[in-house]
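Every number for a ligand or one of its atoms is a count from 1 in the order of the listing.
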Amino acid sequence: MDRIHIVGGAKLHGVIPISGAKNAALPLMIASLLTGETLELANVPRLADITALLRILGNHGVDHMVVGKRPGQTTETGQTIRLTASNVIDTTAPYDLVSTMRASFWVIAPLLARFGEARVSMPGGCAIGTRPVDLLLMAMEQLGATIEIDGGYVVARTKNGLRGGEIHFPKVTVGGTHVALMAAVLANGTTVIENAAREPEVVDLAACLTKMGARIQGAGTPRIVVEGVSRLNGTRHEVLPDRIETGTYAMAVAMTGGDVTLENTRADLLHSALDILATTGTEVTPTADGIRVRRNGAGVAAVDVTTDPFPGFPTDLQAQFMALMTRARGQSHIRETIFENRFMHVQELARLGARIRLEGDLAVVEGVDRLKGAPVMATDLRASVSLVIAGLAAEGETIINRVYHLDRGFEALEAKLGRCGAEIRRERA
Ligand SMILES: CC(=O)N[C@H]1[C@@H](OP(=O)(O)OP(=O)(O)OC[C@H]2O[C@@H](n3ccc(=O)[nH]c3=O)[C@H](O)[C@@H]2O)O[C@H](CO)[C@@H](O)[C@@H]1O
Ligand SMILES: C=C(OP(=O)(O)O)C(=O)O
């Protein structure tokens, strides 16, 4: 298995291009199942999760074509993928394809809405909690689907098509909102989604569905109203920038010191995280097409953080922020409110010399003067990249194992950091 070697100590200077958002690209690709016409998606990142989803869609019968390189593009410019679901031959998503990735479960909604049935294995994804799908099933039931669990598969059916209904989520769920939207757009009548997720990726999906002919109002607010239509058309859509990748590199710069411009991204996608970063003493300045992040001289101040649904501080940046706080001046309290088991990075950060105490959903981080490199591994995507951030500031060599987690969500990580002066390389197995 590949490993990443980092020799810490270098400050980061330069430009990092931000890729399209994994967590927007995945539901957008899944939305291709809603129409027989071609959906063209631009700015799709080159990631293991994207390849895995192409395999799942291909198994349903969706054709895909990756558009070739165009003038001005590099191998790191987001790819353009054309997806055509004109000939869906299989409405089952099997265990071996679905078990590695949470988002793959969401194919259940467009398959049900367009073909009246779907058989999808219970999902996998990052090991950060129990991650039930009860609210996703509830959403489909509210639109008239019958749901059965059979041999580890969820079987969803509707006899005469879905009908509009009221969906009230008792807690904010991103996946639940994606599923509700993709089911409701082809339902007969009006659907109201209450306590909907407001994440930018939900807004991006709604924008694309609207271009496909869907009638959606209120995306980005807690109340979304969908008027069902009988069919959708193809369109072209550009995936929005990855706010988690943006925040991750911003925290890396705050950790090492230096001056880096994050290109092709938007500060409004992660205001809460950038505000917190600014209070640590890091300079954060929005630019015409990105964000400049600078920290010189003094170290970082300890700041408390609580994760929350958007527009709050994202859980997907909690591990990275904790890495930053390991070297802050003083004590930081980090509360995780979204997932019950998202502290798997704590014991690995401790290998580098971090001092962190867990009290239920609270991590108390005592900043230390220095971290020292060590071999580490993590069990999920964002935890893995928190170890990269810590390794960039640790003395000596850090070796990160289980790199396949990083490859799920960070495009060209070593190249992006290496060009800014980090001593980082991949050892291929
Ligand atoms: C591919 C993708 O976009 N993944 C993101 C998505 O995951 P995902 O969509 O899985 O996360 P949710 O927003 O659904 O989960 C939020 C909370 O709701 C709970 N819940 C969810 C569904 C359900 O049926 N029942 C239930 O209890 C979850 O266990 C969790 O405690 O949003 C999370 C929260 O921002 C992010 O960390 C993930 O990176
Ligand atoms: C938790 C994540 O992914 P998934 O939902 O696919 O596990 C993530 O992107 O941080």
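- What you find for P241 and N264 is that their closest heavy atoms are CB-O, 3.3 Å.
- The backbone N or O of I18 lies less than 3.5 Å from no partner atom in the side chain of T265, so there is not a single donor-acceptor pair.
- Checking T130, V174, L135 against atom 12 (P) of ligand 1, the nearest heavy atom belongs to V174.
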Are D380 and M344 close enough, and set up right, to give a side chain to side chain contact (heavy atoms under 4.5 Å, CB included), and what steps lead you there? CA-CA 8 Å; D380 70 88; M344 303 301 279; 4.2 Å; yes
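- Around OH of Y153, the count of heavy atoms belonging to other residues, nucleotides or ligands within 6.0 Å exceeds 12.
- When non-hydrogen atoms are compared, ligand 1 lies under 4.0 Å from neither the backbone nor the side chain of E201.
- Shown are V403, V388, L417, L381; of these, the side chain to side chain contact (heavy atoms under 4.5 Å, CB included) with F410 is made only by L381.
- At a 4.0 Å heavy-atom cut-off, ligand 2 does not touch D380 at all.
- Using a cut-off of 4.0 Å between Lys/Arg side-chain N and Asp/Glu carboxylate O, R342 and D316 are scored as salt-bridged.
- Here the shortest heavy-atom pairing between L26 and A103 reads CD1-CB, 3.8 Å.
- The pair D96-R55 does not count as a salt bridge, with every side-chain nitrogen at least 4.0 angstrom from each carboxylate oxygen.
- Distance CG/L53 to CE/M29: 4.0 Å, rounded to 0.5 Å.
- Looking at T173 against ligand 1, both its backbone and its side chain come within 4.0 Å, counting heavy atoms.
- Of the heavy atoms in V172, only backbone atoms (N, CA, C, O) come closer than 4.0 Å to ligand 1.
- Of the candidates H178, K171, M101, K22, it is K171 that places a heavy atom closest to atom 19 (C) of ligand 1.
- Taking 4.0 Å as the cut-off, R342 counts as a neighbour of ligand 1 on heavy-atom distance.
- Among L137, T315, N23, the residue whose heavy atom lies nearest to atom 1 (C) of ligand 1 is N23.
- Considering backbone and side-chain atoms alike, D49 places every N or O at 3.5 Å or more from each N or O of ligand 2.
- The two atoms that bring A113 and L186 nearest to each other are CB-CB, 4.1 Å, heavy atoms only.
- Only side-chain heavy atoms of R102 come within less than 4.0 Å of ligand 1; its backbone N, CA, C and O stay farther off.
- Near V133, meaning under 4.0 Å from any of its heavy atoms, are these atoms of ligand 1: 24 (O).
- Ring pair F321/F313 is perpendicular by interplanar angle, where above 60° counts as perpendicular and below 30° as parallel.
- Looking at L317, D316, N341, it is D316 that brings a heavy atom closest to atom 39 (O) of ligand 1.
- The contact set between ligand 2 and K22, taken as ligand atoms under 4.0 Å from a residue heavy atom, comprises 3 (O), 6 (O), 8 (C), 9 (O).
- Not a single heavy atom of F105 lies less than 4.0 angstrom from ligand 1.
- Taking every non-hydrogen atom of G175 and a distance limit under 4.0 Å, the qualifying atoms of ligand 1 come out as 9 (O), 14 (O).
- Residue W106 approaches ligand 1 through these ligand atoms, each under 4.0 Å from one of its heavy atoms: 1 (C), 2 (C), 3 (O), 9 (O).
- The proximity of F169 to ligand 1, defined as any non-hydrogen pair under 4.0 Å, does not occur for either the backbone or the side chain.
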